[in-house]
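As structure tokens, the structure follows; a few thoughts come after it.
Here is the naming used below: chain letters follow the sequence lines, and residue numbers restart at 1 for every chain.
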Amino acid sequence: MNTLVKSSDRLVRFVNRRLSGRAVNQLMVRIPYIWLLLFFLLPLVIILKISLADPVMARPPYTPMFDWAAGAVQWFQGTLDNYRAIFNDRLYMYTYWSSVKFASVSTVLVLLIGYPMAYAIARAEGKWRTIFLLLVILPFWTSFLLRVYAWLGLLNTYGLINKTLMGLGIIDAPLEMMYTDFAVYIGIVYSYLPFMILPLYASLEKLDGDLRDAAADLGAGPVRTFIDVTLPLSLPGVIAGSMLVFIPAMGEYVIPTLLGGPDNLMIGRVLYDEYFFNMDWPLSSAIAIVLLSLLIVPIMILRYFQDKEAAA
Amino acid sequence: MNDSGNVYKQHETIAVNTEAKSAPIGHGRPWMDPTIEPFIRVEGVSKHFGDFAAVDRVDLDIYQGELFSILGGSGSGKTTLLRVLAGFEEPSTGRVVIDGVDMAGIPPHRRPVNMMFQSYALFPHMTVAKNIAYGLKRDGMRKAVISERVADVLDLVQMSDFGPRKPAQLSGGQRQRVALARAIVKRPKVLLLDEPLGALDKKLRESTQFELANIQYKSGITFIVVTHDQEEAMTLSTRIAVMDQGRFPQVGTPTEIYEYPETRFTADFIGTINSFEGSVESVSGSEMSVSLPALDMTLQVPVKNGISNGDTVCLAVRPEKIWISTSPPETADTAVLTGTVEDQGYFGNLSLYRVRLETGEIIQVSAQNRERQSERMIDWDATVHIHWDIASMVLLKE
């Protein structure tokens, strides 16, 4: 650790000697922008470009958008066919809807389970708080993929849960849990719970205990205090947690593929299939762009209301 | 309260002081009137956190309309006691009775008590008006009545124009007023104030202090103020309970606490005091003679109960009760001590001198600066004569 700090110090001193302070500052400010430009904006533009092309049996498997000749763009060619295909095909539209349904129901479930947990952690005594937080983060030490696989073993027809229930004589025949909506929900809720608990904990932990006492002092019972004080003041945590769950759950690929059946459609799977099995890069790019728009719209609306709130 | 802590040399002085302490019964001094029932009774209340007793078997009677202060340093248990009164903590032993009702098991939201928090605890997501209206809303009052009451109380704290603002848009002093308004708008039987002026700067604190007393008088609500600021407690209160390690070494009016402290803790905590250890040489009738090696003198003082020959006692005198001059005083009915000024502090209105006696004892003396600095004679290393009226000394318990 120390040597790391020392060598980074040396690097900073070296850079400082080479560049004036002002230039260093400029560079430091721009690095995040350059990063965003290279690794977010540029790929996005490429995807957008591919989504406007036609698929061809070639490498890359799509028509070029520009025809370069003599170092200049000769013609521009784009098509909205891929988008038309998506909007005209009921399967795609259904899959988007199904993804929104899975993601939003899961988000609500995660919120309902995560809120009491975050609340309990925030109210726990110092020593316990650290232990609980560690327990929340602990699953991250194992690969996400392995944790989802582990559910296979639990939910299978002759998995641990069915065997136990049958052994106890509670059920006669195994429950069909695998390859159902239920399994997908279990997978998403389990996997994304920490992403809800952590931001919720952060905003609940900040909450001044005096505010709860003040509400009680002014005549609010425990439930009323929660509704009037705790909940509204933890709303930033609720929103942040819900975003962190909803957005990746929308595009989730691993969970519906491993735990879901052919009926439990999610857009991530369709995208994967179009890309790798059908080699239809333009269509899968268009699917990705539509997905992105679906996700950006609620975020923009949210930001708008947050800004209005902050201005008030 | 008893007089035994006071030391008088002359019989007349005793008479005068006794009268001053007991004269106006009833009006303005309900604690002197045995026919008046206390409004709040704290009986043998303790609060333990593990092995630690934050509040340790305290008794307290507080009367209607009082502005009662609980004065103590940090960790003295004063805030814990306040939280017990508010219902946020259940007492480990004893009970609290407010207006004849035993508060045992009654949660905070059902007590006829409101609290003004040290942090103010204003709801950041509500406007000033909504903060104040909150308690009334919980009582299920009609909207028209609520807005009227809110307007009244905003007027009382001179914040009428600030109703639509959010707490974050207010200054510290304004927030303090809103917190006070929110706490009194329900017209509680008792208002608990936790360091109400603690977060204000000195100038604002001084003006707000009187305003707070004024609002208390106007509203007629019984105030219980917790503070660590002795000046605040002295100027505000009808009575003060000095708190130390979960107990009350003394409860009394500001004058009693200051002029007749009973214990060394009280005397030291409130103001400055010179205290001298001595031993009782003889007890005869109502007087005893105490020799004070630090001053190299023997004083005749009234006997206090339970003191006999050979006991060690502590006699104390406040710095402002001592005369200091460069020339020997012409008339003094007590021994004059001589010493040198070892240090002096100039405070503008008064100066504080640390005078080293021949015995090596250092005595603090304060004097009003009636003359300009340049004209005053007392300076570092000056030889000075000091003396004081023995009646202004107090006998302290450890």
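- B/K218 and B/E211 are not joined by a salt bridge, as no carboxylate oxygen comes within less than 4.0 angstrom of a charged side-chain nitrogen.
- Within residues 146-159 of chain B, no residue has any heavy atom less than 4.5 Å from a heavy atom of chain A.
- The number of heavy-atom neighbours closer than 6.0 Å to CZ of A/R147, taken from other residues, nucleotides and ligands shown, is above 12.
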Next item on the list: Might you work through the side-chain contact (heavy atoms from CB on, under 4.5 Å) test for B/I184 and B/I215, ending with a clear yes or no?
Entry: CA-CA 10 Å; B/I184 59 174; B/I215 286 171; 3.9 Å; yes
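- The most heavy-atom pairs under 4.5 Å with chain B, out of A/D228, A/L235, A/D208, come from A/D228.
- Aromatic rings of B/F39 and B/F68 (six-membered ring for Trp) have centroids beyond the 6.0 Å cut-off, not under it.
- The number of heavy atoms from other shown groups lying within 6.0 Å of CD (B/E43) is above 12.
- Of the two parts of A/L211, the backbone and the side chain both hold a non-hydrogen atom closer than 4.5 Å to a non-hydrogen atom of chain B.
- The pair B/R83-A/D213 meets the salt-bridge criterion, with a side-chain N (NZ, NE, NH1 or NH2) lying under 4.0 Å from an Asp/Glu carboxylate O.
- Annotation: cation-pi pair A/R224/A/F226 absent, no NZ/CZ under 6.0 Å from the ring centroid and within 45° of its normal.
- No part of B/L136 comes within reach of chain A, as not one of its non-hydrogen atoms sits under 4.5 angstrom from that chain.
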Next item on the list: Determine, stepwise, if the pair B/L236 / B/F223 fulfils side-chain contact (heavy atoms from CB on, under 4.5 Å).
Entry: CA-CA 10 Å; B/L236 278 176; B/F223 276 30; over 6 Å; no
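- In this structure, B/R182 forms no cation-pi arrangement with B/F117, as its terminal cationic atom is not both closer than 6.0 Å to the ring centre and no more than 45° off the ring axis.
- Residues of residues 89-113 of chain B that come closer than 4.5 Å to chain A, counting heavy atoms only, are B/P108, B/H109, B/V113, ordered by residue number.
- For chain A, no part of B/M116 is nearby; none of its heavy atoms comes within less than 4.5 Å.
- Between B/D229 and B/R205 there is a salt bridge, since a side-chain N of the basic residue sits under 4.0 Å from a carboxylate O of the acidic one.
- A salt bridge links A/E205 with A/R129: at least one charged nitrogen is closer than 4.0 Å to a carboxylate oxygen.
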